[in-house]
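Written out below as structure tokens is the structure these notes cover.
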Amino acid sequence: MASAQVAAAQPPPPLFTKFSSPVYSLATDGVGPTGRGSMNLVTYCAPVAIKPERTFAVGLYLGTQSHEHMRVHRRGVLQVLQNQHVALFALLGKTSSRDVDKLAAIREKGFALKDRFGIPTLEDAACVMELQVASDFIPCGDHDVVLCKVVAYENLVDDPAAVLYTDTLRKAGLM
């Protein structure tokens with residue numbers, strides 16, 4: 001009974017935590033002992049400027065290969081995922097490239113890779129953006145936030161309905 005009262009006393013989560021957003025993945029060059037690149041989901045990512053340069057704010061989870069790669073190389077490729085990429089959620093979001101060769105695992109799941117801007121990306125991404133770090137890494141709890149210039153981009157689909165959104169992940173019980 002006491003735990004039910006405690007749960008009832010907690011306020012509901014903020015409404016903004018339920019907004020649907022595009023699902024992004026960050027592909028990065030490799031460093032360190034494995035030397036291999038990485039690809040991961042980016043939970044916190046938003047466009048923040050259009051002029052004079054397109055700019056994204058990207059949250060990088062501390063301790064990840066992607067965080068380390070962005071710190072060292074100061075560049076990566078942000079990918080907008082499509083609906084079929086739900087099948088990659090656990091691999092991209094719940095594993096570390098320290099333990100798993102994610103690029104090989106992506107191929108094993110039947111997805112092709114294509115080098116774009118010198119980094120392996122998902123061949124069937126909806127859009128890819130070459131990012132260049134343009135700010136210091138700002139500590140934000142378990143993430144660092146970094147502002148990144150969009151150096152170049154490619155739209156690979158025309159239909160926004162093809163884009164994977166967080167609502168789809170919630171409905172699938174993945175978020």
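Here the structure is a predicted model, which means the values were calculated and not measured.
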Original post:
When clusters are formed from ILVMFWY side-chain contacts under 4.5 Å, directly or step by step, what else is grouped with Met39?
Top reply: Val23, Leu41, Leu81, Val86, Leu88, Phe89, Leu91, Leu92, Val100, Leu103, Ile106, Phe111, Leu113, Leu122, Leu164, Leu169, Leu174, Met175

**OP:** May I ask you to check whether Gln82 and Asp124 show a side-chain donor-acceptor distance below 3.5 Å?
**Re:** no

**OP:** Apply side-chain contact (heavy atoms from CB on, under 4.5 Å) to Val151 and Glu53, showing your working.
**Re:** CA-CA 9 Å; Val151 177; Glu53 297 175 309; over 6 Å; no

**OP:** Identify the two heavy atoms, one from Thr166 and one from Ser20, that lie closest to each other, and give their separation to 0.1 Å.
**Re:** OG1-CA, 3.2 Å

**OP:** Over all heavy atoms of both residues, which pair between Gln79 and Ala27 is shortest? Give the atoms and the distance, please.
**Re:** NE2-CB, 4.0 Å

**OP:** Starting from the C-alpha separation in whole Å, work towards a yes-or-no answer on side-chain contact (heavy atoms from CB on, under 4.5 Å) for Ile119 and Thr28.
**Re:** CA-CA 7 Å; Ile119 297 175; Thr28 55; 5.6 Å; no

Subject >> Heavy-atom neighbours of Asp142 CG exceed 12 at 6.0 Å >> reply: yes

Original post:
Donor-acceptor pair, Asn83 side chain versus Ala161 backbone, under 3.5 Å?
Top reply: yes

Original post:
Does atom CG of Asp99 have more than 12 heavy-atom neighbours from other groups under 6.0 Å away?
Top reply: yes

Original post:
Once you round to the nearest 0.5 Å, how far does NE2 of His69 lie from OG of Ser38?
Top reply: 6.0 Å

Subject >> Flag side-chain contact, heavy atom, 4.5 Å: Arg98 against Gln65 >> reply: yes

Original post:
Would you find a donor on one side and an acceptor on the other, under 3.5 Å apart, between the side chain of Lys102 and the backbone of Thr95?
Top reply: yes

Original post:
Can you tell me how far CG of Asp101 sits from CD of Glu108, rounded to the nearest 0.5 angstrom?
Top reply: 8.0 Å

**OP:** Report yes or no: do Arg74 and Gln132 form a side-chain donor-acceptor pair below 3.5 Å?
**Re:** no

**OP:** Work out which heavy atom in Ser135 is nearest to a heavy atom in Leu147; give both atom names and the distance.
**Re:** OG-N, 2.9 Å

**OP:** Verify side-chain contact (heavy atoms from CB on, under 4.5 Å) between Lys149 and Arg54, making sure each step is shown before the conclusion.
**Re:** CA-CA 6 Å; Lys149 286 189 320 185; Arg54 294 183 187 278; over 6 Å; no

Original post:
How many angstroms lie between atom CG of Asp115 and atom OG1 of Thr121, to the nearest 0.5 angstrom?
Top reply: 7.0 Å

Subject >> Ser25 side, atom OG; His85 side, atom NE2 - distance, nearest 0.5 Å >> reply: 9.0 Å

Original post:
Which ILVMFWY residues are connected to Val150, directly or by a chain of links, through side-chain heavy atoms under 4.5 Å apart?
Top reply: Tyr24, Leu26, Val42, Phe56, Val58, Leu60, Met70, Leu78, Val80, Met129, Leu131, Val133, Phe137, Val146, Tyr153, Val163, Tyr165

Original post:
After noting the C-alpha distance and the side-chain angles of Cys140 and Val145, does the key distance pass the side-chain contact (heavy atoms from CB on, under 4.5 Å) rule?
Top reply: CA-CA 7 Å; Cys140 293; Val145 171; 3.7 Å; yes

**OP:** Answer yes or no: is there a side-chain heavy-atom contact under 4.5 Å between Lys114 and Pro120?
**Re:** no

Subject >> For the student: nearest non-hydrogen atoms of Leu62 and Gly141, plus distance >> reply: CD1-O, 3.3 Å

**OP:** Give, for atom CD of Glu68 and atom NE2 of His73, the distance between the pair rounded to the nearest 0.5 Å.
**Re:** 8.5 Å

**OP:** Would you please indicate yes or no on a ring centroid separation below 6.0 angstrom for His143 and Tyr44?
**Re:** yes

